[in-house]
Colleague: 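The following block contains the structure, expressed as structure tokens.
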Protein chains: 2
Amino acid sequence: MADDSEDDPEIIIGGLQIDVLEGAFSWYIRSLDSVVSADLDRRMAHLSIAQGKGRITALLLVDDYPGIRPSQIADVLMRDRPATGRIVDRLVQAGAVRRETAPDDLRAQALFITPTGHRLADEIRDIVRAQEAEFFDFIPEADRDQFMRMLKRAYLNMRKKWD
Amino acid sequence: MADDSEDDPEIIIGGLQIDVLEGAFSWYIRSLDSVVSADLDRRMAHLSIAQGKGRITALLLVDDYPGIRPSQIADVLMRDRPATGRIVDRLVQAGAVRRETAPDDLRAQALFITPTGHRLADEIRDIVRAQEAEFFDFIPEADRDQFMRMLKRAYLNMRKKWD
DNA sequence: CTTTATTGATTGTGAATGACAACTTTATGC
DNA sequence: GCATAAAGTTGTCATTCACAATCAATAAAG
């Protein structure tokens, strides 16, 4: 733990207190998300599939799981099928992913990465790692593991509740 | 700390690993945000100013700081002035907030809560507290303080970086 | 004073998101 | 075979958010 972990100062922004939100998980999670997402978008702005958390996750999944189906991606993203379908559309348009019909189920699609998509996936991994190192440098080294464990547990429990 | 705090299981969703995102703060923050926001929206769906994190924050601020200016709210929300102006528009339309011209600066506005807005603010406080208690019940009691401290520190450092 | 720059706020516009309903095609269960 | 469920697509709609341009008022500079 970092040395100053025990102090719990009132959060004040531009001289203002934020009422009940000061003690609300939701406030901090939402605020962090908006800045983190904006930062990630900036870092990926030069890529053909920039903008939007769904696309990068989908691309990595296709790269890791040849033949994966859109509905599986939808499950990971917690999105509905239309939203996921449009994400796949973009990946196909960008030449990163190829659609085939799943051999065992003619309703379903099997998605495959292209050479372009594979290169893109590698770039994305680098960008994500860079963001973790650079953007989150404000999290003291000593706190990282613990913060990550808590986030993971929160995430897992939230998903359990969700499904 | 809760007793199982030391295990660090690989995150697997629907049988799939999530590549580099498995170790990325950004993934968990984004995922948590989308579910928390959806949950909060549901809880507020019956209110006249439902939907959107900006409105509830703005209303609470006006309730707490009579005469506050839109630009101050924009600073807290980390939004630009047009976005904030439209949030105030909605609050005024809903009869929750009243605009006046700031006496000391004729360009600026001074915002004041109405009786309706004050009641609404109280309802919102209850909803936020209820969500903290009910939605985040998956965070073990023993972890709450620490998780909150870490979120606050992350938030403060992020804002420092932002400004 | 008068000119210039800055600040507070509004309007317009465009891109993107995400959710929901309706529909087509294929599988599955009885 | 027939009804039901599942996979994907299309259409639509409401929101959101950011950027540019504009207007009015203040502050600063000469």
Side-chain angles (χ1 to χ4, degrees), chain A residues 14 30-31 33-42 44-45 47-58 67-94 97 99-111 162, chain B residues 14 30-31 33-42 44-45 47-58 67-94 97 99-111 162:
Chain A
R30 286 175 162 225
S31 301
D33 172 66
S34 72
V35 178
V36 170
S37 297
D39 179 75
L40 192 55
D41 284 345
R42 261 193 301 107
M44 305 220 318
L47 298 183
S48 57
I49 62 157
Q51 217 80 6
K53 98 179 112 178
R55 294 210 265 279
I56 79 174
T57 307
I68 193 174
R69 299 181 183 185
S71 56
Q72 294 180 277
I73 296 175
D75 181 42
V76 173
L77 295 179
M78 295 186 285
R79 300 276 167 75
D80 61 7
R81 276 195 254 283
T84 307
R86 285 178 175 116
I87 288 171
V88 175
D89 286 344
R90 295 291 300 257
L91 297 180
V92 171
Q93 283 167 22
V97 162
R99 277 193 238 244
E100 290 187 13
T101 301
D104 56 323
D105 186 340
L106 301 183
R107 298 171 295 184
Q109 299 174 355
L111 305 178
W162 195 246
Chain B
R30 285 176 162 225
S31 302
D33 172 66
S34 71
V35 179
V36 170
S37 297
D39 179 75
L40 192 54
D41 284 345
R42 262 191 301 107
M44 304 221 317
L47 298 183
S48 56
I49 61 157
Q51 215 79 5
K53 99 179 113 180
R55 295 210 265 277
I56 79 173
T57 307
I68 193 175
R69 300 182 182 184
S71 56
Q72 293 180 278
I73 296 176
D75 180 41
V76 173
L77 295 179
M78 296 187 284
R79 300 274 168 76
D80 62 8
R81 275 194 257 282
T84 307
R86 285 178 175 118
I87 288 173
V88 175
D89 285 345
R90 296 291 300 258
L91 298 180
V92 171
Q93 282 167 25
V97 162
R99 279 193 236 243
E100 292 186 12
T101 300
D104 56 321
D105 186 340
L106 301 183
R107 298 170 296 184
Q109 299 174 354
L111 304 178
W162 195 246

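Lettering of chains follows the sequences in order, A, B, ..., and the numbering in each one begins at 1. Values below: all heavy atoms of this structure, side chains included; hydrogens, waters and symmetry mates excluded.
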Colleague: Using a strict 4.0 Å threshold on nitrogen-to-oxygen distance, state whether A:R55 and A:D41 make a salt bridge.
Modeller: no

Colleague: Does B:Q109 have a side-chain nitrogen or oxygen under 4.0 Å from the phosphate oxygens OP1 or OP2 of C:dT10?
Modeller: yes

Colleague: Has A:R81 got a side-chain N or O lying under 4.0 Å from the OP1 or OP2 atom of C:dC23?
Modeller: no

Colleague: Ignoring hydrogens and geometry beyond distance, is a side-chain donor-acceptor pair present between B:R30 and A:S37 at under 3.5 Å?
Modeller: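 Present: a donor and an acceptor within the cut-off.
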
Colleague: Is the distance from OP1 or OP2 of C:dG18 to the nearest side-chain N or O of A:R86 less than 4.0 Å?
Modeller: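 The answer is no; no side-chain N or O of A:R86 sits under 4.0 Å from OP1 or OP2.
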
Colleague: Take atom CG of B:D80 and atom C1' of C:dG12, then tell me their distance rounded to the nearest Å.
Modeller: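 Roughly 13 Å, once rounded to whole Å.
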
Colleague: Please state whether the phosphate of C:dG18, meaning OP1 or OP2, lies under 4.0 angstrom from any side-chain nitrogen or oxygen of A:R79.
Modeller: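 Yes, because at least one side-chain N or O of A:R79 sits under 4.0 Å from OP1 or OP2 of C:dG18.
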
Colleague: Here's a test of your reading of the structure: between A:P82 and A:L106, which maps to the more 5' nucleotide of DNA chain C?
Modeller: A:P82

Colleague: Under 4.0 Å between any heavy atoms, over every strand shown, what does B:D89 touch: base, sugar-phosphate, or nothing? Just pick one.
Modeller: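 No contact.
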
Colleague: Which part of the nucleic acid, if any, lies within reach of B:A108 when heavy atoms closer than 4.0 Å are counted: base, sugar-phosphate only, or nothing?
Modeller: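 B:A108: backbone/sugar contact only, no base atoms under 4.0 Å.
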
Colleague: For a quick test of reading the model: is some side-chain N or O of B:R107 closer than 4.0 Å to OP1 or OP2 of D:dA24?
Modeller: no

Colleague: What is the separation between atom CG on B:D41 and atom P on C:dC20, rounded to the nearest whole Å?
Modeller: 12 Å

Colleague: Is the shortest heavy-atom distance from the side chain of A:R99 to the side chain of A:L111 under 4.5 Å?
Modeller: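 Side-chain contact under 4.5 Å: yes.
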
Colleague: Rounded to whole angstrom units, what separation is found between the CZ atom of B:R42 and the C1' atom of D:dT15?
Modeller: 18 Å

Colleague: Using a cut-off of strictly less than 4.0 Å, decide whether A:S71 has a side-chain nitrogen or oxygen near OP1 or OP2 of D:dG8.
Modeller: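 So the side chain of A:S71 is within the cut-off, an N or O lying under 4.0 Å from OP1 or OP2 of D:dG8.
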
Colleague: What is the separation between atom CE on A:M78 and atom P on C:dT17, rounded to the nearest whole Å?
Modeller: 17 Å

Colleague: In whole angstroms, how far is the P atom of D:dA27 from the CG atom of B:D104?
Modeller: 9 Å

Colleague: Give a yes or no on whether a salt bridge exists between A:D39 and A:R42, defined as a side-chain N under 4.0 angstrom from a carboxylate O.
Modeller: yes

Colleague: Please report the distance, rounded to the nearest Å, between CZ in A:R69 and C1' in C:dA27.
Modeller: 11 Å

Colleague: Just so I know, are the side chains of A:I87 and A:I73 near enough to count as touching, which here means a heavy-atom distance under 4.5 Å?
Modeller: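 A:I87 vs A:I73: side chains apart.
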
Colleague: What is the distance from CZ of A:R90 to C1' of C:dG18, rounded to the nearest Å?
Modeller: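 The answer, rounded to whole Å, is 15 Å.
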
Colleague: What's B:R99 touching, base or sugar-phosphate or nothing? Going by heavy atoms closer than 4.0 Å.
Modeller: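 Sugar-phosphate, backbone atoms only, no base.
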
Colleague: Within this structure, what is the CD1-to-C1' distance between A:I68 and D:dG8, rounded to whole angstrom?
Modeller: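 Interatomic distance, CD1 of A:I68 to C1' of D:dG8: 15 Å.
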
